[in-house]
Amino acid sequence: MKKTSALIAAAAASTLALTACSSTDSDAGASGGASDASLTVATAFYPLQFVAEQVGGDLVETVSMTPSGVEPHDVELSPATVRQLGTADLALYLAEFQPAVDDAISTTGVEALDAAAVVELHAAEEHADEDEHADEEGEEDHDHGSSDPHFWLDPELLAAFADAVGDAFAAADPDNADAYTANAEALHASLDDLDAQYTEGLAQCERDTIVTGHEAFGYLADAYGLHQEGIAGLDPENEPSPARILEIKDIITETGATTIFTEDEVSASVAQALADDIGVDTVVLSPVETIDDGDDYIAVMTRNLSTLEDALGCE
């Protein structure tokens, strides 16, 4: 058993200590009530909310545009949420990831920080046979643009975004600039620690191929020397073609993979059927797009590391 199980509790405790004083409205459109916060920040989905909470502390009230438990790709904004967005001092979002959020930011004219302007996104890798299959079935792909949006699964990229958020908060609220800068530095250090744990934990493994329900883990794979093979492409709603299913079967046989990684907010029916057919396990690997109440990014990512170590046979 790897030492990461002990790290989960420590990571969760340290993060909760930082966020305990943050006033967060996790249900989009709800009234936050009175607040002594210096800034109100609207966040498009969970990882951006996590950064805002950590950098802002009790100086910032965060309002999430994606309610807890809702798959961010599918979010639709109520008129109340759009009105609330329009009154925010700043919005944090990722362009072309959530069309409804892009439209609302454009409509309201709110000051906004686009994560894609801070971190370099990977080009999307789509399977031609999946695209053809989707067209035959009359399905429409979610519009991710030409990039893979899941940058936050590389802690070092999220750390770079945290630095930019610290600068943005300091510019919006100069009287508290030192506090935002210090908080951003502390978060960056925590993410550096997480990165070091991943680097050490995945350094010596029997296998390096991760078979996933959809291709959400490219940044994580690239950061730590893994190779991702997704049953579906970037869009978790698209059904894989029969040709892709056969290809995944061959990949599992050739690589000796023992596990297909599924997700908590996406149907695992195809992955489970495939796993049952070829005699491998399924286990949840979270893309950290949304979390359960009481959880946080550091804790979920630490559990992900333990899951990967077990499935890949890491020493």
Side-chain angles (χ1 to χ4, degrees), residues 4-26 41-57 60 62-73 75 92-94 97-98 113 115 118-119 148-166 169 183-199 201-202 216-221 223-224 261 263-266 284-308:
T4 50
S5 57
L7 292 169
I8 292 173
S14 64
T15 306
L16 286 173
L18 285 170
T19 60
C21 56
S22 177
S23 175
T24 303
D25 177 6
S26 60
V41 177
T43 59
F45 56 98
Y46 175 70
L48 310 189
Q49 175 187 330
F50 170 78
V51 170
E53 290 173 344
Q54 301 302 298
V55 174
V60 168
T62 62
V63 179
S64 176
M65 288 180 268
T66 301
S68 179
V70 173
E71 223 286 332
H73 306 76
V75 71
L92 306 181
Y93 80 117
L94 180 62
F97 180 46
Q98 298 168 291
L113 175 62
V118 176
V119 300
D148 178 351
H150 305 89
F151 75 91
W152 57 90
L153 292 173
D154 179 345
E156 291 294 89
L157 292 181
L158 192 63
F161 178 67
D163 294 342
V165 170
F169 286 5
N183 288 347
E185 290 174 350
L187 176 55
H188 195 130
S190 295
L191 293 169
D192 283 345
D193 288 344
L194 180 64
D195 174 65
Q197 292 168 28
Y198 265 78
T199 299
L202 299 175
F217 300 92
Y219 292 91
L220 187 153
Y224 304 110
F261 296 101
E263 299 175 26
D264 33 19
E265 299 296 334
V266 176
V284 169
L285 187 68
S286 175
V288 207
E289 293 179 353
T290 184
I291 62 164
D292 294 329
D293 290 341
D295 225 334
D296 62 45
Y297 173 88
I298 298 287
V300 175
M301 284 291 287
T302 306
R303 289 200 300 272
N304 276 352
L305 174 56
S306 182
T307 296
L308 286 167

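S190 and Q54 form no side-chain donor-acceptor contact under 3.5 Å, judged by distance and modelled atom types alone.
Summarising the geometry, atom CD belonging to E53 is positioned 11.0 Å from atom CG belonging to L48; distances are rounded to the nearest 0.5 Å. One finds the CZ atom of F217 at 6.0 Å from the CG atom of L153 (value rounded to the nearest 0.5 Å). Rounded to the nearest 0.5 angstrom, L285 CG and R303 CZ are separated by 11.5 Å. Here CG of D293 is found 4.5 Å from OG of S68. Values are rounded to the nearest 0.5 Å. Rounding to the nearest 0.5 angstrom, the gap separating the CG atom in D163 from the CD atom in E185 is 8.0 Å. Taking CG of L157 as the reference point, atom CZ of F151 lies at 7.5 Å (rounded to 0.5 Å).
Proximity of E289 to H73: side-chain heavy atoms (C-beta onward) are separated by under 4.5 Å at one or more points. A heavy-atom distance below 4.5 Å is found between the side chains of L194 and T302. Between L92 and V165 there is a side-chain heavy-atom pair separated by less than 4.5 Å. Residues Y46 and T66 fail the side-chain proximity criterion, which asks for heavy atoms closer than 4.5 Å. Residues N183 and F169 have side chains not in contact (no heavy-atom distance under 4.5 Å, counting atoms from C-beta outward). In this structure, the side chains of P47 and F161 stay at 4.5 Å or more apart for every pair of heavy atoms. Here the side chains of L308 and L220 are in contact, with some heavy-atom distance below 4.5 Å. Between V75 and M65, every side-chain heavy-atom pair lies at or beyond the 4.5 Å cut-off.
Listed by chain and residue number, nothing satisfies the side chain to side chain donor-acceptor pair (under 3.5 Å) test with N304 (two or more places apart in sequence, or in another chain). D192 is linked by a side chain to side chain contact (heavy atoms under 4.5 Å, CB included) to E156, H188, counting only residues two or more places apart in sequence or in another chain. Residues passing the side chain to side chain contact (heavy atoms under 4.5 Å, CB included) test with A223 are D154, sequence neighbours excluded. For Y219, the ring pair (Phe, Tyr, Trp, His ring centres under 6.0 Å) criterion is met by H122, not counting sequence neighbours. Residues passing the side chain to side chain donor-acceptor pair (under 3.5 Å) test with Y198: none are found, sequence neighbours excluded. Here A216 pairs with H150, H214, E263, P287 under the side chain to side chain contact (heavy atoms under 4.5 Å, CB included) rule; sequence neighbours left out.
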Show, in sequence, the C-alpha distance, side-chain angles and deciding distance for F50 and V288, and conclude whether the side-chain contact (heavy atoms from CB on, under 4.5 Å) test is met.
CA-CA 11 Å; F50 170 78; V288 207; over 6 Å; no
Does the pair W152 and V51 meet the rule for a side-chain contact (heavy atoms from CB on, under 4.5 Å), with working shown?
CA-CA 10 Å; W152 57 90; V51 170; over 6 Å; no
Is there a side-chain contact (heavy atoms from CB on, under 4.5 Å) between D193 and I298? Walk through the geometry before answering.
CA-CA 10 Å; D193 288 344; I298 298 287; over 6 Å; no
Decide yes or no on side-chain contact (heavy atoms from CB on, under 4.5 Å) for V60 and V55, but give the supporting numbers first.
CA-CA 8 Å; V60 168; V55 174; over 6 Å; no
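At least one donor-acceptor pair closer than 3.5 Å links the side chain of Q98 to the backbone N or O of P72. Not one N or O on the side chain of D292 forms a donor-acceptor pair closer than 3.5 Å with the backbone of D295.
The minimum heavy-atom distance between S286 and D264, with the atom names listed, is OG-OD2, 3.7 Å. When all heavy atoms of T62 and A52 are compared, the closest pair comes out as CG2-CB, 3.7 Å.
Aromatic ring centroids of F45 and Y93 lie 6.0 Å or more apart.
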